2 protein chains.
Amino acid sequence: MEEVLRRQIEKIVTLTDEEFRFVLTHFTARTVKKHQYVVQAGDPAPNDHFVVKGLLKSFYTDDLGKTHILQFAMEDWWISDPQAYHNKVNATLHIDCLEDTQLFFISIDNREKLCVELQKMEYFFMKKTTAGYIALQRRILSLMSQKAEERFNQFIQLYPTLLQRVPKALIASYLGISRETLSRMSAH
Amino acid sequence: MEEVLRRQIEKIVTLTDEEFRFVLTHFTARTVKKHQYVVQAGDPAPNDHFVVKGLLKSFYTDDLGKTHILQFAMEDWWISDPQAYHNKVNATLHIDCLEDTQLFFISIDNREKLCVELQKMEYFFMKKTTAGYIALQRRILSLMSQKAEERFNQFIQLYPTLLQRVPKALIASYLGISRETLSRMSAH
DNA sequence: TAAATGTTGTGAGGTAGATCACATCAATGG
DNA sequence: CCATTGATGTGATCTACCTCACAACATTTA
């Protein structure tokens, strides 16, 4: 279990056994069942979650009650409500499990402490955040310049495994299109 | 001029005079005329730009030749092609000036050096990147859950000065709607 | 200062995709 | 193992927004 997290970090910075043990003391392990919530809009959400096994989604519910999926997170991914996490305000997003899930979470306070104590880890988080930023920019461009079917095809290319594990209606919500429209094009 | 940059940094971390002088050695000042490009798709784009005075935009040109504006940047903002910058690959975005502009830019190599030399600065960039990430997430939600007019109203709230300085057609492009549609609603 | 170029408005018509409404079949839990 | 709930497909409308076309000014620039 711990090794999954270690491998994730060591993709970017190398750690001695001792350093990793130290890093680990800042995390907490947790298992969560399908359908359970990890973050609820309105509540504080002081943790960032690393997925060891399982699958979650984060989503926003608008004034009309429609939900919009911001992110899926499977093995090796991180998920949080970043605004609530970094600014210590209440969540505006929900996060729940699509499958039984094992994760490590780290509080924002522990993270800030860890970054000061071990600069490598600040570097690690920096790289992760930057990569996330770039991915979001790509998604914005995709929402603005591509039509539904192109976005879906791109999704299939990018996340073939999610196509298997996630109901189509949720993928539609992630892509910003209706269930029915996506259904009508699954041919290609 | 330098003070603008200093104030920007000191919103997040405090610097001694000496530290700031040191920070400055990693930046280069530059003035750019209206219509000039700062980054061109296809070329390397190893610099991140801090705007002291003026106004720029970053945009993507799709296969059909349509352009989509990702970002405006006026005084106190940063602008780059983040993917090209951080991953040292060629740009996919263009960045050009909407007004005569003064800026400080920092190469990715200088930035990485600076972050190691002065950890405060790594913290500073981390905060900036995180805030940017949160803003992009909000924009994605806005593209998915709001319709054209709501997005425009939100834009006015958020960036009243841009409404003055930027042609409506460009704002439309930023919002992912057509010039004509935006024109038809400027009533409200 | 005339010519070229950029900005904004507005009409008319077209369309991608939303919404509503069912139907079928699979999965899950008491 | 039956009953409820979830997943998916598909037809029939509806609509927000796009595209094309043109006009009227404003602003550069030669």
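Excluded from the calculations below are hydrogen atoms, water molecules and symmetry mates; all remaining heavy atoms, backbone and side chain alike, are included. Each chain gets a letter, A, B and so on, in the order the sequences are listed, and its residues count up from 1. Note that the coordinates shown come from a computational prediction; the quantities given were computed from them, not determined experimentally.
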(request) Check whether NZ of the Lys or CZ of the Arg K120(B) lies under 6.0 Å from the centre of the six-membered ring of Y123(B) and within 45 degrees of that ring's axis. (result) no
(message) Name the residue from R165(A), K34(A), K33(A) that meets the salt bridge (charged side-chain N to carboxylate O under 4.0 Å, His left out) definition with E99(A).
(response)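 The residue from R165(A), K34(A), K33(A) that satisfies salt bridge (charged side-chain N to carboxylate O under 4.0 Å, His left out) with E99(A) turns out to be R165(A).
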Rounded to the nearest angstrom, tell me the gap between atom [atom1] in [X] and atom [atom2] in [N].
| X | N | atom1 | atom2 | result |
| --- | --- | --- | --- | --- |
| L175(B) | dA16(D) | CG | C1' | 15 Å |
| M185(A) | dG11(D) | CE | P | 17 Å |
| Q164(A) | dT8(D) | CD | P | 11 Å |
| E149(A) | dG17(C) | CD | P | 9 Å |
| K147(A) | dA18(C) | NZ | P | 12 Å |
| I171(A) | dG6(D) | CD1 | C1' | 15 Å |
| R151(A) | dA16(C) | CZ | P | 14 Å |
| L163(A) | dT8(D) | CG | C1' | 13 Å |

(request) Taking the six-membered ring for Trp and the single ring otherwise, decide whether the centroids of F155(A) and Y174(A) are under 6.0 Å apart. (result)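 Yes.
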(message) Quick check on the 6.0 Å ring-centre criterion: do Y37(A) and H94(A) meet it?
(response) yes
(request) Would you mind building the protein contact string for nucleotides 19-29 of chain D? One character per nucleotide, 5' to 3', B for base within reach (heavy atoms under 4.0 Å), S for sugar-phosphate only, - for untouched. (result) BBB------S-
(request) Give the angle between the helix axes at the two ends of the helix from dT1(C)-dA30(D) to dG30(C)-dC1(D), taking five base pairs at each end and rounding to 10°. (result)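 Rounded value for the end-axis angle: 50°.
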(message) Could you measure the distance from the OH atom of Y133(A) to the CE atom of M126(A)? Nearest 0.5 Å is fine.
(response)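 Nearest 0.5 Å value for the OH-CE distance: 12.5 Å.
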(request) To the nearest 0.5 angstrom, please state how far the OG1 atom of T161(B) sits from the CG atom of L158(B). (result) 10.0 Å
(message) Checking contacts here: which listed nucleotide (dG17(C), dC18(D), dT8(D)) is nearest the side-chain heavy atoms of I177(B)?
(response)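 Nearest nucleotide to the side chain: dC18(D).
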(request) Check whether any side-chain heavy atom of I171(A) sits under 4.5 Å from a side-chain heavy atom of R179(A), and report yes or no. (result)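 A side-chain contact under 4.5 Å is absent here.
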(request) Starting from V32(A), walk the hydrophobic network (Ile, Leu, Val, Met, Phe, Trp, Tyr; side-chain heavy atoms closer than 4.5 Å) and list everyone else you reach, by chain and number. (result)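 Listed partners: V38(A), V39(A), V51(A), L56(A), I79(A), I95(A), L103(A), F105(A).
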(message) Quick check on side-chain hydrogen bond (donor to acceptor under 3.5 Å, both in side chains): which of R6(B), R7(B), Q8(B) does E10(B) satisfy it with?
(response) R6(B)
